[in-house]
Amino acid sequence: MPLRGAVLLLVVVVLCCSTLRRAASDLAADQAALLAFRAAVGPRLPWDASSASPCGWRGVVCDNDTGSRVVALQLPGAGLIGEVPPGTLGNLTALRTLSLRSNALSGAIPADIGNCGELRYLYLHGNSLAGEIPEGLFSLRLLLRLVLSNNRITGGVSLEFNKLPRLETLYLEDNGLNGTLPADLDLPKLALFNVSNNNQLNGPVPASLAGRPASAFSGTGLCGAPLSPCPSPPLPPPSQSPPPAPAAQGSKNSKLSVAAIAGISAGAGAALLVLVLAAIFLLCFRRRKTKADTSTETAATGGEDASPPATVSVAKMMDKSDTTQRSRSTSQTMAVNNNAKKQLVFVGSEPDAPYELESLLHASAEVLGKGWLGTTYRATLEGGVAVVTVKRLREMPTPEKDFRRTVAALGALRHENLVPLRAYFYSKEEKLLVYDFVPGARGLSSLLHGPNAGRERLDFTSRARIALSSARGVASMHGAGASHGNIKSSNILVADDADVARAYVTDHGLVQLVGASVPLKRVTGYRAPEVKDPRRASRESDAYSFGVLLLELLTGRAPVNSVPGIDGVDLTQWVRTVVEEEWTGEVFDASIANEAHVEEDMVRLLQLAIECTEQRPDRRPAMAEVAARIEQIVDSAVRKADSDDFHSVSAGHSSA
Ligand SMILES: *[C@@H]1O[C@H](CO)[C@@H](O)[C@H](O)[C@H]1NC(C)=O
Ligand SMILES: *[C@@H]1O[C@H](CO)[C@@H](O)[C@H](O)[C@H]1NC(C)=O
Ligand SMILES: *[C@@H]1O[C@H](CO)[C@@H](O)[C@H](O)[C@H]1NC(C)=O
Ligand SMILES: *[C@@H]1O[C@H](CO)[C@@H](O)[C@H](O)[C@H]1NC(C)=O
């Protein structure tokens with residue numbers, strides 16, 4: 001028995017050792033192949049040949065679980081130059097991702113690429129590769145994405161492509177392909193396809209591709225649907241397949257929790273007096289032309305869809321009151337107000353002193369933004385004593401009782417990252433909300449996408465700080481049982497607080513107020529897939545919208561129609577695709593992508609954004625957790641920025 005045991009143990013040990021040795025030798029072979037690759041084309045690769053394993057090398061990713069092999073090689077824009085010889089890439093037989101885009105590789109695609117049977121993602125675009133697509137490539141049966149654009153590849157498009165049944169992306173544009181596309185070409189999974197700018201390519205478009213956009217074939221000699229008909233013979237009618245649309249499914253959940261927030265109270269402070277004054281001037285305006293405040297500040301709004309700010313006098317502003325949206329005139333509003341039955345209502349506490357109507361009449365107002373919820377003004381009291389933001393809501397069907405209850409609850413919310421609602425006015429014809437004005441604040445939307453966005457560069461740490469204060473603001477609402485319902489970049493105000501970016505969330509709860517009249521399409525892009533009615537926002541749907549906001553901060557792209565060349569793909573979809581393809585570095589806004597010392601923090605924030613934008617509401621993290629995680633990211637980024645190690649960046653590119 002002991003002998004048997006010992007033999008068994010020995011067998012196990014021997015087996016283990018041989019497995020280990022094989023793993024080690026495979027990794028050593030990968031290392032040798034990589035070094036041969038570098039010797040041939042990578043003079044600038046900072047790889048340390050003396051290291052025991054290639055796994056820590058730039059652009060090299062190992063899978064440490066399954067016996068240590070190199071599974072990804074990502075060297076975009078790494079200064080690779082020349083021909084890739086056989087026996088290099090072809091020896092990396094565990095490779096799943098190969099990205100050598102944007103280099104100066106020439107010669108043919110190595111014929112032994114076919115040995116890399118695990119390859120799923122192959123990106124060789126933006127080189128000078130020539131010759132035909134090698135036969136071996138068609139043995140890569142697991143291939144999902146093949147991008148060969150922007151090379152000098154010649155020859156025809158082979159029917160052999162049918163051997164790649166899983167292929168989803170086939171980009172061949174900007175090459176020198178000639179000949180025809182095989183009529184029987186059939187790639188059932190193909191989602192993205194492009195052969196434009198191969199001007200020697202001619203003949204009919206295969207039936208299976210007839211439903212593609214014409215732009216996928218531009219700059220070729222191809223004919224037939226979707227292009228103009230071939231001279232002869234006529235083609236069979238195209239089988240139109242609709243473009244892939246973002247999946248919007250899921251269940252409605254949660255509810256407006258107005259009742260829950262109603263109990264919370266907070267002091268409104270002495271500032272109320274001026275707030276009242278400012279609001280009253282809007283109601284009881286007298287035609288007195290006041291020279292408008294000509295501040296150049298833009299969009300410190302609390303306004304959605306910030307339109308270019310316009311400075312107007314009080315009189316003008318009231319003249320311009322959008323009569324299309326209002327059945328009653330302002331004078332009637334005044335009459336109602338003078339009835340004294342309807343008054344400005346303070347949320348929080350009553351003002352200490354009675355206000356003076358007269359002083360209001362000298363105030364000047366400036367339109368900060370117009371949106372589908374109403375128009376936002378900045379009102380400056382005479383002598384510049386105080387400034388408030390007044391939101392004049394569009395006409396809405398919400399019953400008075402609901403309106404008052406909801407606004408009272410919103411007014412009870414107080415947090416350093418929420419723009420405080422101080423007072424409101426309600427009449428049949430006119431609904432006004434008075435908020436604190438955040439001095440020096442700008443809409444995040446205009447900071448990211450406005451005309452000056454390029455010049456006023458927001459670095460990663462500032463973006464992360466904006467994300468942090470916004471997350472805290474939203475989390476505070478959630479903690480009080482409320483939800484925001486309309487999180488988007490134009491509802492985030494950013495101010496520099498001692499040179500540190502700080503954000504304020506505004507317009508919280510207004511979607512619920514405006515009610516059924518909200519056009520659903522106005523909130524697409526940020527809207528969680530399960531939300532069919534914007535009033536039914538939940539904490540989970542807020543988390544989703546917040547995730548989209550994070551993606552917007554990281555990519556610098558607006559949430560809809562922001563991806564060039566791909567219509568109808570939203571930001572979350574696009575980011576997921578890119579990340580899945582392991583081009584993570586590509587998603588970041590160009591102006592932060594090179595901040596290499598915070599690369600890891602950027603990826604962590606990206607990961608968090610992806611979690612927030614999960615399709616299933618129950619998979620999204622709570623906003624309190626989101627805030628806590630962003631706080632760690634900010635801390636880490638700030639520490640690294642302090643240590644200021646510039647030497648860690650080399651060629652100014654991120655490793656895919
Ligand atoms: C690649 O693999 C082949 C066959 O196993 C081997 O002969 C060759 O030396 C390897 N190339 C390198 C650079 O290790
Ligand atoms: C694999 O191991 C290497 C070296 O031990 C390490 O640098 C690398 O981060 C590990 N990779 C993963 C994905 O854990
Ligand atoms: C395509 O171009 C290659 C190389 O220039 C040439 O050898 C081949 O004959 C061409 N094929 C067709 C069908 O024109
Ligand atoms: C195909 O590529 C061309 C050139 O890059 C581009 O203009 C066109 O929009 C692309 N079309 C599709 C459907 O991807």
Side-chain angles (χ1 to χ4, degrees), residues 254-266 268 300-306 347-348 368-369 371-374 376 389-391 393 396 398 402-424 431-438 441 443-445 466-467 469-494 502-515 518 522-523 526-528 531 534-546 548-549 622-624 626-627:
S254 196
K255 59 193 159 42
L256 177 63
S257 28
V258 166
I261 54 180
I264 298 145
S265 71
T301 68
E304 59 285 325
D305 303 350
V347 289
L368 294 175
W372 49 277
L373 289 174
T376 308
T389 301
V390 180
K391 195 171 245 319
L393 296 176
M396 61 180 75
T398 314
D402 292 353
F403 182 95
R404 290 186 188 278
R405 205 187 49 196
T406 306
V407 175
L410 290 174
L413 295 170
R414 289 288 185 267
H415 186 269
E416 57 175 352
N417 300 115
L418 282 181
V419 180
L421 174 64
R422 297 293 187 187
Y424 74 93
K431 281 128 200 122
L432 299 173
L433 299 176
V434 184
Y435 293 90
D436 278 7
F437 181 79
V438 184
L444 176 59
S445 177
I466 291 167
S469 23
S470 313
R472 283 176 175 160
V474 177
S476 79
M477 293 190 70
H478 288 186
S483 56
H484 187 292
N486 195 18
I487 296 171
K488 54 179 179 173
S489 56
S490 52
N491 282 340
I492 305 292
L493 306 185
V494 180
R502 181 180 164 123
Y504 301 83
V505 177
T506 186
D507 273 24
H508 33 291
L510 293 195
V511 172
Q512 287 99 320
L513 253 191
V514 171
V518 175
R522 299 310 303 264
V523 287
Y526 295 92
R527 181 170 51 86
V531 174
R535 284 171 300 168
R536 306 187 69 84
S538 63
R539 283 174 239 179
E540 289 82 8
S541 67
D542 274 354
Y544 183 96
S545 308
F546 190 81
V548 177
L549 182 80
M623 285 304 298
V626 171

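Along the sequence shown, residues carry numbers from 1.
- In terms of heavy-atom proximity, Leu493 sits nearest to Ala441 at CB-CB, 4.0 Å.
- At least one side-chain heavy atom of Tyr435 sits less than 4.5 Å from a side-chain heavy atom of Leu433.
- A 4.5 Å side-chain heavy-atom check between Arg472 and His415 finds at least one atom pair inside the cut-off.
- Between the OG atom of Ser545 and the CZ atom of Arg527 there is a distance of 9.5 Å, given to the nearest 0.5 Å.
- In terms of heavy atoms, Ala503 sits closest to Ser469 at N-OG, 3.0 Å.
- Contacts of Ala528 classified as side chain to side chain contact (heavy atoms under 4.5 Å, CB included), with partners at least two apart in sequence or in another chain: Glu530, Val531, Ser541, Tyr544, Arg620.
- In this structure, the side chain of Arg422 does not engage the main chain of Gly411 through any donor-acceptor pair within 3.5 Å.
- With a 4.5 Å cut-off on side-chain heavy atoms, Leu549 and Leu444 count as touching.
- Separation of atoms CG (Leu418) and OG (Ser470) is listed at 10.0 Å; rounding is to 0.5 Å.
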Would Ile492 and Val505 satisfy side chain to side chain contact (heavy atoms under 4.5 Å, CB included), going step by step from the backbone distance to the final call? CA-CA 5 Å; Ile492 305 292; Val505 177; 4.0 Å; yes
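- Partners of Ser489 under the side-chain hydrogen bond (donor to acceptor under 3.5 Å, both in side chains) rule, at least two apart in sequence or in another chain, are Tyr526, Glu552.
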Apply salt bridge (Lys or Arg N to Asp or Glu O under 4.0 Å) to residues Asp507 and Lys488 and explain how you reach the verdict. CA-CA 10 Å; Asp507 273 24; Lys488 54 179 179 173; over 6 Å; no
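- Put simply, the side chain of Asp436 never gets that close to the backbone of Leu421: no donor and acceptor are under 3.5 Å apart.
- Between Glu416 and Arg502 there is a salt bridge, since a side-chain N of the basic residue sits under 4.0 Å from a carboxylate O of the acidic one.
- The aromatic rings of His484 and His508 are tilted relative to each other, their planes meeting at an angle between 30° and 60°.
- Distance alone, capped at 3.5 Å, places no donor-acceptor pair between the Asn417 side chain and the Val474 backbone.
- Nearest heavy atom pair, residue Gly485 against residue Val511, reads O-CG2, 3.9 Å.
- Here the OG1 atom belonging to Thr506 is positioned 7.0 Å from the NZ atom belonging to Lys391, to the nearest 0.5 angstrom.
- We find the OG1-CG distance between Thr406 and Leu510 to be 10.5 Å, quoted to the nearest 0.5 Å.
- The side-chain heavy atoms of Leu393 and Phe403, taken from C-beta on, include a pair separated by under 4.5 Å.
- Contact annotation: the side chain of Val419 never approaches that of Thr389 to less than 4.5 Å [non-hydrogen atoms, C-beta and beyond].
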